[in-house]
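Before any comments, here is the structure.
As the structure lists them, so they are numbered: ligands from 1, and atoms in each ligand from 1.
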Amino acid sequence: MTAHKVLFLVLDGISDRPCEALDGLTPLAAARTPVLDRIAAEGVCGIMDSIAPGIRPGSDTSHLALLGYPPHEYYTGRGPLEAEGTGIHMTAGMIGFRCNFATVDADGLVTDRRAGRISATEPLSEAIRDGVDLSALGLEFRFESGAGHRAALALAGEGLGDKVSSNDPKKEGVRPPAVRPCTDDAADRKTAEACNEFIRQSREILFHHPANIRRMEEGLPSANLLLIRGAGKMGAFPQFSERYDLSGSVISAATLISGIGKVVGLEHIPVPGTTGSVDSDLDAKVKAAIGELDRKDFVLMNIKGADEAGHDGKAIQKRDFIEVIDTALEPLLALSDTLLVVCADHSTPCSVKDHSADPVPVVIRGPGVRIDRTNRFDEVSCAEGGLHRIRGCDLMPIALDLINKSHKYGA
Ligand code: ZN
Ligand code: ZN
């Protein structure tokens, strides 16, 4: 018997190092996780270097690797992926950026890099789309609001480079620097000029916008400046359906991950109530994934939260959230005809408060899979499993083989 469907469940940053607050256990080892443990007991386990041993992965580079797109070939920076995830359709050659709505005072000093964590920025974005004009530079742009104070910008036109600096001063009380080209290349100079012009024009519009005037009357910081960063040139991605002959969807509240899914041609399925944080509606997400498996061959689902707790260095909170995730995953046990792959994209140790290169646990469960003797889903138990130690780029080939879709190498 062979599965016809594949579910990749990526528990973002779930793996860790031994934590003092947990008597030397990792949050995953300390958590009560009957569902993940049962998946481990019914599958083949291992550990995985998302990129390669010793390489600390970003969530973007690791997800590209997991989908079988080697990041050294396909990764061109976070900007274009965030822009795609925010709803801008990126085509090859466009330059994408991440943006923040921020606050500058009358002297031009940045007083709040997140404009009081403003939300509902759509009227501001609309005014920018209507009012900013880069045609004098021979360029077009797209601009979309993201979650909270976030937004995305993309530049389109001839001869644009992506080696430019940011106007984000990274701290408050100083003037935002101009965007500068990082090389002498005319293309990079043109992009830097376009960025500065975009920032100048958008600032004019934001400064006088009724929504900002209202905010100031209410004593809230005005969202009167855009900080732009993460420039990257959109590449050409072979489409997932052609590469693997599988239709697919992505379910993720994080725009970076949904953007990655979209650039490779996965359909993004928004799930109301999911936040990419510890308060996310995980039941709705799991339900949506199971629903998608009826329509599609492949689903990538990312659950964030645990990564956030790791970045905050909160081991107990991370353990507790892992238990919440585990409970929400229960319906997955009933999946049939599906190869279920559970892993992390990288470790986010509470002691590091950032991603580390420590390999992550991985389990594959489904019809036809050889079952090893590992029956716990954690960093140490999985290291004893039958997959041993693989790389992120191995995961798609292994999954394709297990659903009998791998091409024979040789006669
Ligand atoms: Zn991640
Ligand atoms: Zn992270």
No-hydrogen, no-angle side-chain donor-acceptor test under 3.5 Å, Glu172 and Thr111
no
Looking only at atom types and distance, does a side-chain atom of Asp107 sit under 3.5 Å from a main-chain N or O of Leu109, one as donor and one as acceptor?
no
Shortest-distance N/O/S atom, Asp345 versus the Zn ion (ligand 1)
OD2
Does the plane of the ring in Phe143 sit parallel, tilted or perpendicular to the ring in Phe101? Use 30° and 60° as the thresholds.
perpendicular
What protein N/O/S atoms lie closer than 2.8 Å to the Zn ion (ligand 2)?
Asp307 OD1, Asp307 OD2, His311 NE2, His355 NE2
Check the pair Arg376 / Asp378 against salt bridge (charged side-chain N to carboxylate O under 4.0 Å, His left out), numbers first and verdict last.
CA-CA 6 Å; Arg376 279 273 299 153; Asp378 64 50; 3.5 Å; yes
Which residue pairs satisfy the salt bridge (Lys or Arg N to Asp or Glu O under 4.0 Å) criterion with at least one member in residues 147-166, sequence neighbours excluded?
none
Cation-pi between Arg243 and Tyr69: NZ/CZ under 6.0 Å from ring centre and within 45° of the ring axis?
yes
